[in-house]
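For reference, the structure discussed in these notes is given below.
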Amino acid sequence: MALSAVFLGLLLYVQVSLGQNSSTTLTSIAGTSSVQAANSSTTTPTITISVPSSTITNTGGASFPPVGSITRDFSPSGLEKLWDVVGPVESPPFTTTVVPHTPVVLPSPPPTLYPSFYANRPKDILPHLKYPKGFLFGLATAAYQVEGATKNEGKGPNMWDWASRQPNAIVDNSTADITDLQYFLYKEDVARVAALGVTAHSLSISWARIFPFGTADSPVNQEGLDHYADVIKYHRESGVEPIVTLFHWDMPLALQAYYGGFTSGQIVDDFVNYAKTVFSAYNGTVKTWFTFNEPRVFCSQVASYPFNITYAPGVNTSTAPYQCSYNLIKAHAGAVKAFREMNIVGEIAFKSDDFVGTPWRKNTTDDAAAVERHAAFQIGVFADPVYVSGDWPKILTDTLPPDYLPRFTKQEKKDILGSADFFAIDAYRSQYISAPAEGLDACLSNGPSDPEWPQCNDIQEFDSNAMWAVGASADTGAPWLQDTSRFLRSAMKQIHKRWPTNKIYVTEIGFAQPLEGQRTELYRIKEDTDRTNYIMSYLGELLLSIHEDKIPIMGAFIWSMVDNAEWGQGLSTRFGIQYVNYTSLERTYKRSAMELSEFFEAHLHN
Ligand code: BGC
């Protein structure tokens, strides 16, 4: 997350790059307001600016119709009115599905990266170990980030279509109107990764393509349903298992405008209805489902610029993340209940993110307590209710009053507990955790006036003795990310111990190669050494996790199949194992793609 603040006279202006774990809140403190990093897990130093609250325009220039002001008009002109909120959209260069030349011929493998006395080739990493039978070797994407075709085939607008046009919301001012145009190039993308030997693709469905107006009583867009049916079919025919996430942050704009999206309880029925429509359309063709991608990050985004002007009545930036969490977990449980009642064939869960952490200093119990707070706020918030107790972690209920975090009824607890068939973790990194500088007790007793409250813990990216980094740093566009492979096994052990299940998928790992976005020559771009090192180290550690620690990991997904729209970083930060030329839309395998292919060929049971 990148966060910078500029204070100009009486005008407060905050620019936040919405990426992983980014979140900014505007809270009122005794007649003043402060802008701060709300999520103490962020890696950026907290910035607090106090100004008289009367002078604040917290929109940062963003504009959205007051929640409730748009009438529900499900006609084509009603849809156009929703698109008017977004503004003009860039049309794609073509609007039919491209049929790729198959079979795809792989380029010759890259030369060995290091001499063998220093590092092994991928096939020679732990050569005696294999992944278990049925293990999914996958790549991950998300609809908003790769599809493009933003206004094609009946799609309604989503909140990121709107957000990407708000002042200073996206660092490079790009939109995802076209991005990879995977909506029309999915066959090429699938064929290219099938040629690598990839066995699964974790993709997401855009809610606004299925229900352009979002609500349960609004019309279904058949073109959208048909599109994903084709996508799923093509995956299966190509030997790539399609794995579907229902919601990867691309909130239908209509629902935000009608009632404030996930800050309103009205979302639950609309989400469950959407889920049921998708389940029955693709039952039997998709085996593994996710309701939500990283709900914790999504609910932090809700409190961040530019979304912080779109709340249900009575909700504010401080309460929004928790109201969102409450409604979202009920939507998850409702969808899973429907999945089971409908006898959908397959398995379902949601994708957690983040990590438990390691105490930064050995000589203070505060750091150990901070680790517990980190685990509770980052993973436990959704995982405890679903996997352990049916209820919020005690750390949360001890800290947050019910007007922040609504309490569950008995029936809700019953519905939530057990509403997942396996555990899914986006395990990008695992770092040290410390108590806040002012001390844990001080933070807790200061309450809302403390910039670190309610989480009251900090991430540390280097050790407390000699300040060695926990791992190599990713690109500056992903400052939260380090290659922390050496902590992966202990991180997986913690997850398995705290939220026990019979099966775990590592649903996202990945790395933004430093400086990649600034390079122009293709031969330099293709040489993504740090990403390759990251992926090989993580996959090796996962083998050890499975064989030595007996952790039941049954799949690993690399983020991402192709470079894509990285939320607030736009097109400037690249995570793909394939390079995408955003002008010609041509894809090129990077070193990491080729080495991944070699690694899996040697380590999968065929
Ligand atoms: C998200 C992706 C994102 C990636 C890299 C993951 O947490 O699910 O949407 O692009 O991180 O930041």
Side-chain angles (χ1 to χ4, degrees), residues 1-2 16-23 39 41-44 138-147 158-160 163-164 170-172 174 176 179-180 182 201-206 243-251 290-301 304 328 349-355 378-379 382 424-431 473-484 505-514 516-517 528 530-531 534-535 538 556-578 580 592:
M1 179 197 83
V16 180
S17 158
L18 286 169
Q20 174 122 351
N21 303 320
S22 66
S23 127
N39 179 345
S41 77
T42 54
T43 54
T44 321
L139 302 173
T141 59
Y144 172 80
Q145 296 179 268
V146 298
E147 280 184 350
N158 66 49
M159 286 306 285
W160 273 93
S164 57
I170 310 292
V171 294
D172 61 357
S174 59
T179 176
D180 301 315
Q182 193 176 83
H201 175 197
S202 172
L203 56 103
S204 82
I205 287 185
S206 155
I243 288 175
V244 169
T245 299
L246 295 174
F247 184 84
H248 196 122
W249 307 351
D250 46 357
M251 183 69 208
F290 299 108
T291 51
F292 289 95
N293 176 68
E294 302 185 359
R296 202 259 327 154
V297 179
F298 171 72
C299 286
S300 305
Q301 274 178 15
S304 308
L328 188 149
F350 68 96
K351 288 166 69 187
S352 290
D353 78 296
D354 219 89
F355 56 93
Q378 309 306 121
I379 305 183
F382 295 102
I425 181 76
D426 292 355
Y428 284 86
R429 61 187 176 141
S430 180
Q431 289 149 318
S473 293
D475 190 38
T476 49
W480 50 273
L481 182 56
Q482 289 166 291
D483 174 343
T484 56
Y505 290 127
V506 174
T507 33
E508 286 180 37
I509 46 176
F511 205 65
Q513 173 72 32
E516 199 173 280
D528 58 342
D530 302 82
R531 179 179 294 113
Y534 172 103
I535 293 175
Y538 273 57
F557 295 79
I558 311 299
W559 185 272
S560 179
M561 177 188 275
V562 276
D563 291 334
N564 59 56
E566 174 59 10
W567 308 110
Q569 294 297 318
L571 302 176
S572 64
T573 299
R574 291 175 178 259
F575 269 90
I577 61 160
Q578 295 183 77
V580 176
S592 56

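We're numbering straight along the sequence, starting at 1. Whatever order the structure lists ligands and atoms in, that order sets their numbers, starting from 1. Being a predicted model, the structure only gives us computed values, none of them experimental.
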Checklist entry - Does the pair D354/R429 count as a salt bridge with the N-to-O cut at 4.0 Å? => result yes
Checklist entry - So among F511, W480, W559, which one has a ring pair (Phe, Tyr, Trp, His ring centres under 6.0 Å) with Y428? => result W480
Checklist entry - Which part of K351 is near ligand 1, with near meaning a heavy atom under 4.0 Å away: side chain, backbone, both or neither? => result neither
Item to check | Side-chain heavy atoms of T179 within contact of Q145, under 4.5 Å | outcome: no
Next on the checklist: Between D563 (side chain only) and G576 (backbone N and O only), is there a donor and an acceptor less than 3.5 Å apart?
Outcome noted: yes
Item to check | Contact partition for W480 relative to ligand 1, non-hydrogen atoms under 4.0 Å | outcome: side chain
Item to check | Option whose closest heavy atom lies nearest to atom 4 (C) of ligand 1, chosen from F575, Y428, W249 | outcome: Y428
Checklist entry - Is a side-chain donor or acceptor of D528 paired with a backbone partner of Q513 at a separation under 3.5 angstrom? => result no
Checklist outcome for this item: Under 4.0 Å from one or more heavy atoms of E566, ligand 1 contributes atoms 3 (C), 5 (C), 10 (O), 12 (O)
Checklist entry - Which ligand 1 atoms does N293 reach within 4.0 Å, using its non-hydrogen atoms? => result 8 (O)
Item to check | For H248, the ligand 1 atoms whose distance to one of its heavy atoms is below 4.0 Å | outcome: 1 (C), 2 (C), 8 (O), 9 (O)
